[in-house]
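One structure is given below, encoded as structure tokens.
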Amino acid sequence: AQSVTQLDSHVSVSEGTPVLLRCNYSSSYSPSLFWYVQHPNKGLQLLLKYTSAATLVKGINGFEAEFKKSETSFHLTKPSAHMSDAAEYFCVVRKSMEYGNKLVFGAGTILRVKS
Amino acid sequence: DTEVTQTPKHLVMGMTNKKSLKCEQHMGHRAMYWYKQKAKKPPELMFVYSYEKLSINESVPSRFSPECPNSSLLNLHLHALQPEDSALYLCASSQDVGSSGNTIYFGEGSWLTVV
């Protein structure tokens, strides 16, 4: 069964320092993995996705993630945090079902950016 | 244009009311979804429509009734809800349900409060 585990419920960084949000996945075959961001009182925005092409995936707003099969990880990184990055981030795996696919969300990581 | 539009943004309803949430997309997508997000929790799938037919119902109570009048519109009819149904209801769409590479685009959500 496909699932994801976000290892940190909260991460706090200073503006201008690197961001690392950790996600491990469980899947019996090559997964489709996503990172979504949700700003306060807003909907979900796709940051990036991995679908078995390049293992290093670049997304919007300077974020990127690396798919590591040996570690079953898909961590999200950004070299330099900006105040506007403060939000909740969800690591997501696509789960195959009999009549289609559905997204299974991790518990979320709240990113706080200090000035 | 990667936009999913949801109305209303906020809805307060009594437990005996009947109301509807509406969702619209003009990306030519043939799969549409309803997700429910309780406070401080990740989104959870409720329903999936594929080519205007209900393909997945995640054991949602019958007081929630989805409807897909055409390929661009998705409604969620609400009747006799309970206070614990208060949540953010997110609509989403994708090209179809079958491909693992498809991106699922989310709307901003409708905040529902049941009093």
Side-chain angles (χ1 to χ4, degrees), chain A residues 1-10 21 23 25 27-54 57 59-60 67 74 87-110, chain B residues 2-7 9-10 21 23 25 27 29-51 53-60 87-113:
Chain A
Q2 295 100 315
S3 66
V4 287
T5 302
Q6 293 183 243
L7 301 173
D8 307 290
S9 60
H10 292 79
L21 305 183
C23 173
Y25 70 88
S27 178
S28 53
Y29 51 86
S30 185
S32 293
L33 293 163
F34 308 80
W35 277 98
Y36 281 86
V37 60
Q38 187 173 35
H39 287 89
N41 302 317
K42 293 289 188 181
L44 293 157
Q45 183 182 21
L46 178 70
L47 281 177
L48 49 82
K49 67 178 182 181
Y50 168 78
T51 55
S52 74
V57 182
I60 62 170
F67 175 76
F74 189 57
E88 187 160 20
Y89 292 78
F90 292 99
C91 181
V92 182
V93 65
R94 188 187 291 268
K95 178 177 179 178
S96 295
M97 301 173 69
E98 184 177 356
Y99 297 109
N101 301 301
K102 74 173 189 179
L103 298 182
V104 177
F105 286 75
T109 299
I110 294 174
Chain B
T2 57
E3 194 171 278
V4 176
T5 304
Q6 291 187 242
T7 56
K9 290 197 186 314
H10 298 273
L21 305 180
C23 175
Q25 57 86 14
M27 295 179 276
H29 290 172
R30 303 314 298 267
M32 296 187 77
Y33 311 77
W34 280 114
Y35 280 78
K36 175 180 178 178
Q37 186 177 21
K38 298 278 286 180
K40 300 187 189 303
K41 295 288 186 184
E44 294 181 336
L45 182 67
M46 300 175 72
F47 302 104
V48 180
Y49 271 82
S50 176
Y51 289 84
K53 288 188 176 8
L54 183 64
S55 62
I56 297 176
N57 177 342
E58 291 280 85
S59 303
V60 178
L88 177 66
Y89 288 84
L90 292 159
C91 176
S93 72
S94 67
Q95 205 153 18
D96 59 53
V97 296
S99 171
S100 63
N102 281 344
T103 297
I104 296 182
Y105 297 93
F106 285 84
E108 296 258 310
S110 292
W111 290 93
L112 174 67
T113 303

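Numbered from 1 within each chain, the chains take letters A, B, ... in sequence-line order.
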message: When you compare the side chain of Val4(B) with that of Met27(B), does any pair of heavy atoms fall below 4.5 Å?
response: yes
task: With a 4.5 angstrom heavy-atom cut-off, could you sort out which part of Ile110(A) is near chain B: side chain, backbone, both or neither?
output: neither
query: Counting N and O atoms only, with roles assigned by atom type, does the side chain of Asp8(A) sit under 3.5 Å from a partner on the main chain of His10(A), one being a donor and the other an acceptor?
result: no
statement: Ranked by heavy-atom pairs below 4.5 Å to chain B, first place among Pro31(A), Gly108(A), Gly43(A) goes to Gly43(A)
task: For each of Gln37(B), Glu44(B), Lys40(B), tally heavy-atom pairs with chain A at distances under 4.5 Å, and name the one with the top tally.
output: Gln37(B)
message: Please classify the contact between Ser50(B) and chain A as side chain, backbone, both or neither, with a heavy-atom cut-off of under 4.5 Å.
response: neither
- request: Sort Leu46(A) into side chain, backbone, both or neither according to what part of it lies under 4.5 angstrom from a heavy atom of chain B.
  value: side chain
- request: With a 4.5 angstrom heavy-atom cut-off, could you sort out which part of Leu90(B) is near chain A: side chain, backbone, both or neither?
  value: side chain
- request: Determine whether Cys91(B) and Phe106(B) make a side-chain contact, defined as any pair of heavy atoms from C-beta on separated by less than 4.5 Å.
  value: no
- prompt: Atom OH of Tyr89(B) and atom OH of Tyr35(B): how far apart are they, to the nearest 0.5 Å?
  reply: 15.0 Å
- prompt: Does any N or O in the side chain of Gln6(A) come within less than 3.5 Å of the main-chain N or O of Cys91(A), such that one atom is a donor and the other an acceptor?
  reply: yes
task: Please examine the side chains of Arg94(A) and Phe34(A), heavy atoms only from C-beta on, and report whether any two atoms are closer than 4.5 Å.
output: yes
field: Side chain, backbone, both or neither of Glu88(A) within contact of chain B (heavy atoms, under 4.5 Å)
entry: neither
query: So which part of Gln6(B) gets closer than 4.5 Å to some heavy atom of chain A, the side chain, the backbone, both or neither?
result: neither
